[in-house]
Amino acid sequence: DAARAIAPAMTDRFVDRVEALGTTFANESVVITANVADKVTEILFEDGETVEEGQLLVAMRRDEQKAALAAAEAVLAERRTAYERARELERRQFTATAQLEERLAALREAEANRDAAAARLADREIRAPFEGIVGLRSISVGTFVTPGDRITTLDDLDPIKLDFSVPATYLSTIAPGLEIIATTRALPGKEFRGEVRSVSTRVDRVTRSITARALIGNADHALKPGLLMTVQLLKNPRHAIVIPEEAIVSSGDSNFVFVVEGDAATRREIRTGERRPGEIEILGGIEEGELVITHGTMRLRDGQAVKIIEEQKQGRAVGILIDKNKAVQ
């Protein structure tokens with residue numbers, strides 16, 4: 001059977017791949033704790049709920065603090081009115097400037113007392129410091145909590161951080177903006193794309209490696225903090241001539257392909273670059289658009305007559321060729 005498959009040499013985007021292992025971290029993460037010792041009166045979130053920045057999560061007994069804040073605001077309103085009256089009288093020169101300054105000082109004191117009362121109330125209202133997902137709660141209504149007691153966790157999971165280490169020999173090529181592809185056994189069949197956001201300023205003196213941090217979009221929250229991931233860095237992006245890997249014929253240290261020239265197959269030496277699954281980069285020896293023979297090369301001779309009888313354009317263009325002097329079956 002003299003039938004053989006052909007494919008054109010194509011210009012395609014090509015990258016060098018460096019593999020590493022990394023661990024995921026939340027973009028922002030915090031343990032929610034109490035600021036003061038008191039009894040919990042309200043829990044305003046559910047486990048795993050998405051909350052907004054500033055949303056009230058837990059309230060403790062605060063009747064006394066609410067009353068103190070209301071009293072402070074009343075005094076502030078009274079002193080603000082007195083100051084405005086004194087300022088108007090001073091403008092009309094019906095009162096001394098010294099009296100206006102006294103009213104201003106009293107106003108500033110009332111503002112400070114109001115702020116102090118508001119801060120004491122805020123200590124008993126635990127709010128989300130940023131938008132994220134709360135974890136499992138560790139308290140119930142009626143629990144007496146003290147400063148530092150764990151209430152729940154809050155994580156911002158979109159995007160998610162991925163920290164990984166690579167040998168320091170890649171220091172010159174690892175830079176912010178570099179594209180990555182990450183996979184994990186926990187989510188088989190899925191690829192996650194992201195880009196390097198920052199690189200450590202120090203090389204580990206023991207392992208001679210450097211840590212980089214990438215960000216991966218995680219809108220569906222499929223990735224969780226603490227996952228082990230395999231990372232492929234796509235460095236040195238470029239456009240290169242690419243052919244199917246099965247077209248290569250090796251002989252010693254040299255590589256060859258059979259190129260269709262007119263009605264004959266010509267054996268031609270090539271220089272190869274990097275590889276990726278099923279394809280190889282060509283650095284020299286063939287030009288874009290030339291047709292290379294991908295199957296049956298072991299039985300092919302340099303200069304053997306061939307003829308293209310069919311061309312299919314499904315994905316990569318493919319043709320079928322036979323010896324001119326052989327009948328088509």
Side-chain angles (χ1 to χ4, degrees), residues 23-84 101-163 197-198 213 215-216 218-227:
T23 303
T24 54
F25 297 88
N27 185 41
E28 301 289 350
S29 182
V30 67
V31 176
I32 304 296
T33 61
N35 294 324
V36 296
D38 216 325
K39 184 179 292 185
V40 173
T41 58
E42 294 179 88
I43 297 176
L44 304 171
F45 69 92
E46 297 293 335
D47 296 349
E49 180 183 353
T50 299
V51 297
E52 302 294 329
E53 180 180 355
Q55 182 174 329
L56 182 61
L57 303 178
V58 175
M60 293 181 280
R61 288 188 301 192
R62 49 188 172 155
D63 293 343
E64 181 180 343
Q65 288 71 31
K66 284 183 176 180
L69 178 59
E73 288 176 338
V75 172
L76 175 60
E78 178 187 355
R79 292 187 179 179
R80 182 176 291 116
T81 300
Y83 171 72
E84 294 295 340
E101 292 176 350
E102 289 177 3
R103 294 282 188 266
L104 179 60
L107 175 61
R108 294 289 182 260
E109 180 184 17
E111 289 175 339
N113 290 338
R114 186 275 313 273
D115 292 344
R120 287 191 291 271
L121 177 60
D123 282 341
R124 288 163 172 77
E125 295 180 339
I126 300 174
R127 299 180 180 273
F130 51 82
E131 181 182 352
I133 300 175
V134 290
L136 304 178
R137 62 184 174 93
S138 305
I139 59 167
S140 301
V141 172
T143 301
F144 187 87
V145 295
T146 58
D149 285 353
R150 179 192 181 100
I151 293 174
T152 188
T153 58
L154 178 64
D155 294 308
D156 175 12
L157 300 181
D158 184 26
I160 201 162
K161 295 174 182 174
L162 176 61
D163 288 4
R197 181 54 57 91
S198 57
R213 171 169 293 170
L215 292 185
I216 299 175
N218 191 35
D220 60 356
H221 299 154
L223 295 175
K224 307 296 184 186
L227 283 176

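Rounded to the nearest 0.5 angstrom, Thr146 OG1 and Asn35 CG are separated by 11.5 Å. Glu28 contributes atom CD, which lies 5.5 Å from atom CZ of Phe130 (distance to the nearest 0.5 angstrom). Here CZ of Arg103 is found 12.0 Å from OH of Tyr83. Values are rounded to the nearest 0.5 Å. With rounding to the nearest 0.5 Å, the separation of CG in Leu162 from CZ in Arg197 is 13.0 Å. For the atom pair Asp220 CG and Asp158 CG, the distance stands at 8.5 Å (nearest 0.5 Å). Note that CZ of Arg120 and CD of Gln65 are 8.0 Å apart. Values are rounded to the nearest 0.5 Å.
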Practice item. Please test Met60 against Val145 for side chain to side chain contact (heavy atoms under 4.5 Å, CB included), starting from the C-alpha separation and ending with a verdict. Key: CA-CA 9 Å; Met60 293 181 280; Val145 295; 3.5 Å; yes
Exercise for review: List the steps and the verdict of side chain to side chain contact (heavy atoms under 4.5 Å, CB included) for Val51 and Glu131.
Suggested key: CA-CA 6 Å; Val51 297; Glu131 181 182 352; over 6 Å; no
Check your understanding: Checking side chain to side chain contact (heavy atoms under 4.5 Å, CB included) for the pair Lys66/Leu121: CA distance, chi angles, key distance, verdict?
Key -> CA-CA 7 Å; Lys66 284 183 176 180; Leu121 177 60; 3.9 Å; yes
Check your understanding: Run the side chain to side chain contact (heavy atoms under 4.5 Å, CB included) check on Val40 and Val58 step by step: do they pass?
Key -> CA-CA 7 Å; Val40 173; Val58 175; 3.8 Å; yes
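Using a 4.5 Å cut-off on side-chain heavy atoms (C-beta onward), Ser138 and Thr152 make no contact. Counting heavy atoms from C-beta on, the side chains of Ile126 and Ile151 come closer than 4.5 Å. For the pair Phe25/Ile160, no side-chain contact is recorded, criterion being any heavy-atom separation below 4.5 Å from C-beta on.
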Donor-acceptor list for residues 105-113 side chains, cut-off 3.5 Å, not counting sequence neighbours:
from   : atom 1 : to     : atom 2 : distance (Å)
Arg108 : NH1    : Glu111 : OE1    : 3.4
Glu109 : OE1    : Arg79  : NH1    : 3.3
Asn113 : ND2    : Glu109 : O      : 3.4

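Between the Ser29 side chain and the Ala26 main chain, no donor and acceptor come within less than 3.5 Å of each other. At least one donor-acceptor pair under 3.5 Å links the side chain of Thr41 to the backbone N or O of Ala59.
When each of Leu154, Leu57, Ile32 is paired with Phe45, the side-chain contact (heavy atoms from CB on, under 4.5 Å) condition holds for Leu57 and for no other. Between Asn218 and the choices Thr24, Asn27, Leu157, Asp156, the side-chain contact (heavy atoms from CB on, under 4.5 Å) rule is met once, by Leu157.
Atom CD of Glu64 is surrounded by 12 or fewer heavy atoms from other residues, nucleotides or ligands within 6.0 Å. Other residues, nucleotides and ligands place more than 12 heavy atoms under 6.0 Å from the CZ atom of Arg127.
For the pair Glu78 and Arg80, the salt-bridge criterion is not met [side-chain N within less than 4.0 Å of a carboxylate O].
Of all the heavy atoms in Arg137 and Asp47, the pair that sits closest is N-OD1, 3.2 Å. The minimum heavy-atom distance between Leu76 and Arg114, with the atom names listed, is CD2-NH1, 3.3 Å.
By the salt bridge (charged side-chain N to carboxylate O under 4.0 Å, His left out) test, Glu42 pairs with Arg62, sequence neighbours left out. Contacts of Glu73 classified as salt bridge (charged side-chain N to carboxylate O under 4.0 Å, His left out), with partners at least two apart in sequence or in another chain: none.
Side-chain polar atoms of Asp149 and Thr33 form no donor-acceptor pair below 3.5 angstrom.
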